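Beneath this line is the structure, given in structure tokens, with notes to follow.
What's counted below: heavy atoms across the whole structure, side chains too, no hydrogens, waters or symmetry copies. The first residue in the sequence is number 1, and the count goes up from there. The structure presented is a predicted model; accordingly, all values stated were derived computationally and were not measured.
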Amino acid sequence: MTKRILVIAASPRRGGNSDLLCERFIEGALEAGNIVDEVFLREREIGFCSACDYCRSHDGACALRDDAAAVLDKMAEADAIVLATPVYFYSMDAQLKALIDRTVARYTEFSGKEFYFIAVMADGNKALMERTMEGLRGFTDCLPGAVERGAVYAVGAWEKGAVVGNPAMDEAYELGLGA
């Protein structure tokens, strides 16, 4: 069955390690016959939720006029969503967190979706990646029926391109192939 997959690449660094892993995931997903769309948050203007509650009285519409609504529309249309982030201080980056916070008005639209996580960090201790995964899972745990289908942890990758040759590249491809 063909799935509509949305890959959300949160890295501010064009062509960085998480972008490279997203490309490998996409290669696998396309080979499996899926339809894939990719959004680069660095190319979008997404402000921070101001907790103004405008969305509660306006059918989920946000008072902020930026690119968040278009990304949320894509998330709602997708069958599966890939959240990809570099790891900063053992957490997702601010770009992805800002988007996640902006889902508050529409989070029920993401119920029952499949989620995949891709994260890259400079530290070589894979066990420390769980701190980042806790934050990502904190989001999906709030979405009724959301299912985590897999995660790719790339460790020891600081410099741009350092993930090339890392086993995570093959893991990302295989995860996409199985999507």
Side-chain angles (χ1 to χ4, degrees), residues 2-19 21-23 25-26 29 34-121 129-153 175-176 179:
T2 300
K3 291 181 191 171
R4 291 169 299 168
I5 300 173
L6 176 64
V7 176
I8 299 175
S11 179
R13 183 165 61 175
R14 184 179 309 280
N17 293 311
S18 57
D19 281 2
L21 288 167
C22 286
E23 288 174 19
F25 180 95
I26 290 168
N34 295 301
I35 299 164
V36 182
D37 188 14
E38 187 171 19
V39 170
F40 296 98
L41 295 185
R42 69 177 160 268
E43 297 173 357
R44 305 293 179 120
E45 190 168 316
I46 298 176
F48 302 114
C49 177
S50 62
C52 68
D53 282 336
Y54 179 92
C55 58
R56 295 198 190 279
S57 60
H58 291 84
D59 296 321
C62 185
L64 299 177
R65 301 293 175 233
D66 60 12
D67 297 328
V71 177
L72 298 181
D73 288 345
K74 288 178 178 285
M75 290 174 72
E77 294 166 2
D79 300 309
I81 299 168
V82 178
L83 300 176
T85 183
V87 175
Y88 297 157
F89 300 100
Y90 305 115
S91 186
M92 72 186 87
D93 71 357
Q95 291 82 347
L96 184 56
K97 182 64 169 111
L99 177 67
I100 287 172
D101 288 350
R102 291 291 295 282
T103 67
V104 70
R106 298 176 57 184
Y107 77 96
T108 58
E109 295 178 49
F110 315 127
S111 301
K113 303 244 182 240
E114 296 179 358
F115 282 85
Y116 299 86
F117 304 133
I118 295 173
V120 184
M121 73 177 182
M129 188 69 85
E130 282 307 314
R131 294 176 179 176
T132 303
M133 292 300 124
E134 285 176 23
L136 295 170
R137 291 180 182 127
F139 170 54
T140 58
D141 285 349
C142 294
L143 308 176
V147 178
E148 180 185 337
R149 291 288 183 210
V152 175
Y153 300 7
L175 195 60

- Rounding to 0.5 Å, atoms OG (S11) and CD (Q95) come to a distance of 7.5 Å

- Criterion side-chain contact (heavy atoms from CB on, under 4.5 Å) against I118, the qualifying member of N17, D19, V82: V82

- Hey, could you give me the OG1/CZ distance between T85 and F117, rounded to the nearest 0.5 Å? 11.5 Å

- Item | Electrostatic pair E77-R4, nearest N-O below 4.0 angstrom | no

- Task: Begin from the C-alpha positions of L72 and E109 and carry the test side chain to side chain contact (heavy atoms under 4.5 Å, CB included) through to its verdict.
- Result: CA-CA 9 Å; L72 298 181; E109 295 178 49; over 6 Å; no

- Message: Using a 3.5 Å distance criterion without hydrogens, assess whether the side chain of D67 forms a donor-acceptor pair with backbone atoms of E45.
- Response: yes

- Over all atoms of both residues, closest heavy-atom pair of A119 and V87: CB-CG2, 3.9 Å

- Task: Please report the closest heavy-atom contact between C49 and V104, naming both atoms and the distance.
- Result: SG-CG1, 4.2 Å

- Message: Looking at K3 and V36, would you say the former's side chain and the latter's main chain have a donor-acceptor pair under 3.5 Å?
- Response: no

- Shortest non-hydrogen pair, A105 vs G60, comes out as CB-O, 3.4 Å

- Mark yes when over 12 heavy atoms from residues, nucleotides or ligands other than R65 sit less than 6.0 Å from its CZ; otherwise mark no. yes

- For K113 and A76, work out which heavy atoms get closest and say how close. NZ-O, 2.8 Å

- Message: Between S57 (side chain only) and Y54 (backbone N and O only), is there a donor and an acceptor less than 3.5 Å apart?
- Response: yes

- Query: Counting only heavy atoms not in F48, do more than 12 fall under 6.0 Å of its CZ?
  - Reply: no

- Stepwise side chain to side chain contact (heavy atoms under 4.5 Å, CB included) check, V7 with F25: CA-CA 9 Å; V7 176; F25 180 95; 4.3 Å; yes

- Quick one: does D37's side chain have a donor or acceptor within less than 3.5 Å of a partner on K74's backbone? no

- Going by heavy atoms in the side chains, are D66 and R102 under 4.5 Å from each other? yes

- In this structure, are over 12 heavy atoms from other groups packed under 6.0 Å from F40 atom CZ? yes

- Do side-chain atoms of R149 reach the backbone of Y116 as a donor and acceptor pair under 3.5 angstrom? no

- Please check if atom CZ in R42 has more than 12 non-hydrogen atoms from other residues, nucleotides or ligands closer than 6.0 Å. yes

- Message: D101 vs K97, test: side chain to side chain contact (heavy atoms under 4.5 Å, CB included). Steps then yes/no.
- Response: CA-CA 6 Å; D101 288 350; K97 182 64 169 111; 2.5 Å; yes

- Task: Drop me the distance from I5's CD1 to E114's CD, to the nearest 0.5 angstrom.
- Result: 8.0 Å

- Query: Atom CE in M75, atom CD1 in I100: separation rounded to 0.5 Å?
  - Reply: 7.5 Å

- Item | Euclidean distance, L83 CG relative to T132 OG1, rounded to 0.5 Å | 12.5 Å

- Is the closest basic N to carboxylate O distance between R13 and D93 below 4.0 Å? no

- Message: Under the criterion side chain to side chain contact (heavy atoms under 4.5 Å, CB included), I'd like the reasoning laid out for E130 against Y153: C-alpha separation, chi angles, the key distance, then a yes or no.
- Response: CA-CA 9 Å; E130 282 307 314; Y153 300 7; 2.5 Å; yes

- Item | Heavy-atom closest contact (A69 atom, R106 atom, distance) | O-NH1, 3.5 Å

- Between CE of M92 and CE of M133, what distance do you get to the nearest 0.5 Å? 9.0 Å

- C142 to P144 - nearest heavy-atom pair and separation: O-CD, 3.4 Å

